[in-house]
Amino acid sequence: MTARPIELLAPARDLACGLEAVRHGADAVYIGAPKFSARAVAGNTVDDIGRLCDFAHPFNVRVYVALNTILGDGELAEAETLIRRLYRAGADALIVQDMGITQLDLPPLPLHVSTQADNRTPEKIAFWHDAGFVRAVLARELSLEEIRAIAEHTPMELEAFVHGALCTGYSGRCYLSAALCGRSANRGECAQYCRLPYTLTDAGGQVLLEGRHLLSLRDLNRSDELEAMMSAGISSFKIEGRLKDVSYVKNITAFYRRKLDAVFVRNRAFCRASAGTSVFSFEPRPEKSFNRGFTSGFLHGRISEVTSFDTPKSIGEPLGTVKTQQGRSFTLENGSDPVHNGDGLVFINSRGELEGFRVNRVDGERIYPLKMPPSLRPGTSLRRNRDSAFEEQLAGPSAERKLSIELAFSDTAFGFSLAATDETGARAVVVRPFGKAPAQRPPEENIRTQLSRWGNTSFRSGEIRVSLSQPWFVPSSLLGGMRREVAEKLEQVRRMRYPRAWVKRNVYDTPAPCPARRLDYTANIANARAAAFYATHGVEAAEPAFELASRRDVPLMYAKHCLRYSLGWCPVHHNRQPPCREPLFLIHGQTRLRLQFDCGKCRMLVLMENGGMPFAKDSCRNRGFIPTCPLDASAVER
């Protein structure tokens with residue numbers, strides 16, 4: 001049985017992050033296009049994307065470009081030109097949401113359908129496959145059983161998130177930010193209202209919870225579920241984080257590289273999707289990077305450990321409990337790791353809020369904060385959300401990635417030859433004429449020593465075979481020159497052999513029917529070409545995207561996360577009715593949101609109580625998709 005390649009897909013905010021993702025073991029990297037990316041502040045130049053491709057491709061690492069916002073009619077021509085430039089730069093696939101892109105005159109670049117397209121059912125994934133997409137990025141909310149059902153229904157490549165921030169609403173079906181301040185998540189401008197504190201009240205105005213982050217979820221960590229997800233049909237494991245810094249990319253990519261490689265050792269049904277071996281100068285630990293606490297999400301159905309009601313900020317790793325507090329210092333008990341000057345420590349104070357401080361000095365067991373928090377008391381549980389020593393490790397070079405090569409050195413009638421074959425079978429040979437003379441001492445040891453010096457190249461020596469008809473003198477300068485030349489030739493061969501994927505666009509005799517004949521605003525149709533795509537596939541009526549027109553009393557968020565369940569009031573799972581009168585409301589400042597609970601589909605809907613959309617006055621073409629936000633929640637790290 002041929003092993004199925006499994007891809008570790010890492011995020012890149014910019015070129016530097018992309019390069020480190022490759023060095024730290026990624027099989028593929030996804031990066032934002034200069035425009036039209038679902039992280040608008042994480043755009044990159046085409047030149048930088050080309051440089052990333054040049055670095056990644058010798059390792060058979062693929063580069064996917066996110067161009068996954070909805071587009072206005074006036075933007076499609078610019079998108080088409082951009083896509084052609086990305087293809088020439090070496091991009092391996094585009095991640096898209098807007099079906100108008102499929103109607104453009106595109107190069108033979110594979111298309112991945114973004115998770116923003118709400119990819120949750122076997123029928124929808126099969127439709128995307130029939131419509132010409134090669135991969136679907138699945139919704140984060142799916143269970144293993146749902147993933148398996150999709151995999152059994154289609155031959156399409158399936159990609160799933162494995163680590164990082166969780167949106168509260170289904171991706172592509174959250175309009176909360178667009179409604180409240182005109183910043184559309186489908187345009188890459190989400191203001192992250194799900195991370196704000198809310199007060200929960202009932203229909204009579206009774207306050208049930210006050211100032212809690214009731215829409216905020218923990219961060220995903222499925223590192224213990226990798227083999228189960230592979231068996232269910234996942235071929236690509238995606239790390240969220242196109243807004244994260246380079247230390248996050250290094251740490252999390254390295255962590256999952258080791259986890260996946262361990263699976264491949266014990267289960268030969270799977271193998272890695274790229275070449276080369278990464279060696280790290282640090283021990284990867286995901287709890288040391290930004291996290292709100294970890295959850296496996298809904299992979300095994302509903303669980304209680306999914307919410308982050310106390311804070312949307314990073315809580316880091318458990319550190320220990322305050323043992324004694326005296327003056328300007330304290331001591332810890334049960335601490336497993338040493339505390340360093342410059343560490344950031346946090347705790348939940350008596351008001352239920354996350355409070356933090358910086359360590360100024362450590363003297364033996366005593367820890368001196370820069371400023372002692374008044375609410376720090378013996379018994380307080382502390383966490384560390386910034387490990388200064390760990391960050392210092394990651395600030396410099398922290399990994400090398402090398403391709404193993406076998407070398408064969410031998411003599412010829414007129415000199416010497418050196419053949420190099422890398423781990424993927426790429427081969428290069430260098431032959432040098434040289435006047436031969438007997439050596440005064442056995443030459444094999446010096447030959448192996450000189451041929452093992454690969455320095456900053458992408459190669460490292462595996463087996464070195466030396467075959468000489470007699471012990472000839474071989475100068476080190478000759479060996480060094482042959483080594484450098486064979487390395488250059490082998491890199492050229494690898495670039496020529498790079499298996500760049502391409503697709504032939506579908507020419508439909510009978511277009512595959514869309515699973516639905518009528519589409520509402522959640523299909524996110526923002527231009528005429530997207531509408532034409534769906535009409536070609538049998539859609540009889542389709543509403544325009546939410547961003548294009550005012551709507552009243554429609555859900556602004558569709559969420560698997562349910563406050564009834566989280567509070568133990570679910571009539572289905574807990575067999576208990578809420579101890580209050582519904583509907584329930586979330587209040588933040590002047591914002592008042594009404595909650596609906598759709599138990600038949602096991603989801604929660606969030607609506608604006610007054611039913612109006614304050615920003616929707618003109619069409620997207622007139623407004624140019626350039627909104628402003630009076631309440632900016634984007635300072636909360638995603």
Side-chain angles (χ1 to χ4, degrees), residues 13 16-17 20 23-24 163-165 218-219 221 223 239 241 243-258 278-294 308 310-349 353-400 635-637:
R13 180 179 65 185
C17 287
E20 293 303 337
R23 291 190 181 104
H24 288 74
H163 195 97
R218 301 186 191 187
D219 285 6
N221 183 334
S223 57
I239 299 169
L243 297 182
K244 294 297 200 303
D245 60 21
V246 71
S247 66
Y248 174 94
V249 172
K250 288 181 174 184
N251 184 31
I252 304 304
T253 304
F255 175 73
Y256 279 91
R257 178 73 277 152
R258 285 189 172 175
S278 295
V279 177
F280 314 122
S281 61
F282 68 103
E283 187 64 29
R285 292 179 61 181
E287 65 274 13
K288 289 186 176 292
S289 290
F290 184 98
N291 73 86
R292 303 175 179 91
F294 290 128
S308 177
D310 291 330
T311 178
K313 299 179 181 179
S314 179
I315 63 172
E317 60 181 328
L319 188 63
T321 303
V322 175
K323 183 178 181 181
T324 64
Q325 188 267 321
Q326 180 179 356
R328 298 176 58 190
S329 67
F330 64 90
T331 62
L332 282 176
E333 63 180 351
N334 304 323
S336 57
D337 286 347
V339 178
H340 316 105
N341 297 349
D343 282 0
L345 307 187
V346 295
F347 63 98
I348 300 297
N349 62 26
E353 302 166 339
L354 188 75
E355 188 172 345
F357 59 92
R358 184 64 56 89
V359 174
N360 184 52
R361 180 166 60 93
V362 179
D363 185 3
E365 293 185 352
R366 301 210 71 81
I367 300 168
Y368 293 81
L370 189 61
K371 183 179 180 181
M372 176 64 76
S375 54
L376 192 68
R377 295 284 186 271
T380 300
S381 294
L382 284 178
R383 301 180 70 94
R384 174 166 52 192
N385 65 0
R386 185 184 186 278
D387 185 332
S388 60
F390 188 74
E391 290 297 323
E392 187 176 348
Q393 277 187 294
L394 294 180
S398 52
E400 283 190 332
V636 179
E637 182 172 350

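Heads up: numbering here begins at 1 and tracks the sequence.
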Can you tell me which residue among Ile367, Thr321, Leu332 is in a side chain to side chain contact (heavy atoms under 4.5 Å, CB included) with Leu382? Leu332

Please check this pair: side chain of [X] against backbone of [Y], looking for a donor-acceptor N/O pair closer than 3.5 Å.
| X | Y | result |
| --- | --- | --- |
| Arg383 | Val346 | no |
| Asn341 | Val362 | yes |
| Gln325 | Gly327 | yes |
| Thr253 | Val249 | yes |
| Asn251 | Arg285 | yes |
| Asn291 | Ser289 | yes |

Which heavy atom of [X] sits nearest a heavy atom of [Y], and at what distance?
| X | Y | result |
| --- | --- | --- |
| Pro284 | Arg258 | CD-NH1, 3.4 Å |
| Gly164 | Tyr248 | CA-OH, 3.7 Å |
| Ser329 | Pro369 | CA-CD, 4.4 Å |
| Ser398 | Gln393 | CB-O, 4.2 Å |
| Ser375 | Asn349 | OG-CB, 3.9 Å |

Would you please test Tyr256 and Asn221 for side-chain hydrogen bond (donor to acceptor under 3.5 Å, both in side chains) and show each step? CA-CA 10 Å; Tyr256 279 91; Asn221 183 334; 3.2 Å; yes

Looking at Lys288 and Glu283, is there a salt bridge between them, counting it only when a charged N and a carboxylate O are closer than 4.0 Å? no

What is the distance from atom [atom1] of [X] to atom [atom2] of [Y], rounded to the nearest 0.5 Å?
| X | Y | atom1 | atom2 | result |
| --- | --- | --- | --- | --- |
| Ile348 | Asp310 | CD1 | CG | 4.5 Å |
| Leu376 | Phe357 | CG | CZ | 5.5 Å |
| Ser308 | Asp219 | OG | CG | 8.0 Å |
| Arg358 | Ser388 | CZ | OG | 8.0 Å |
| Leu345 | Asp387 | CG | CG | 10.0 Å |

Considering only heavy atoms from C-beta outward, does the side chain of [X] approach that of [Y] to under 4.5 Å?
| X | Y | value |
| --- | --- | --- |
| Asp337 | Glu317 | yes |
| Leu243 | Phe290 | no |
| Asn385 | Ile315 | no |
| Phe294 | His163 | yes |
| His340 | Arg384 | yes |
| His24 | Phe280 | yes |

Take atom [atom1] in [X]; do more than 12 heavy atoms of anything else shown fall under 6.0 Å from it?
| X | atom1 | answer |
| --- | --- | --- |
| Glu353 | CD | yes |
| Glu392 | CD | no |
| Glu400 | CD | no |

Can you confirm whether the side chains of Glu391 and Ser247 place a donor and an acceptor under 3.5 Å from each other? yes

Would you sort out whether Lys323 and Asn334 count as a side-chain contact (heavy atoms from CB on, under 4.5 Å), showing the intermediate values? CA-CA 9 Å; Lys323 183 178 181 181; Asn334 304 323; over 6 Å; no

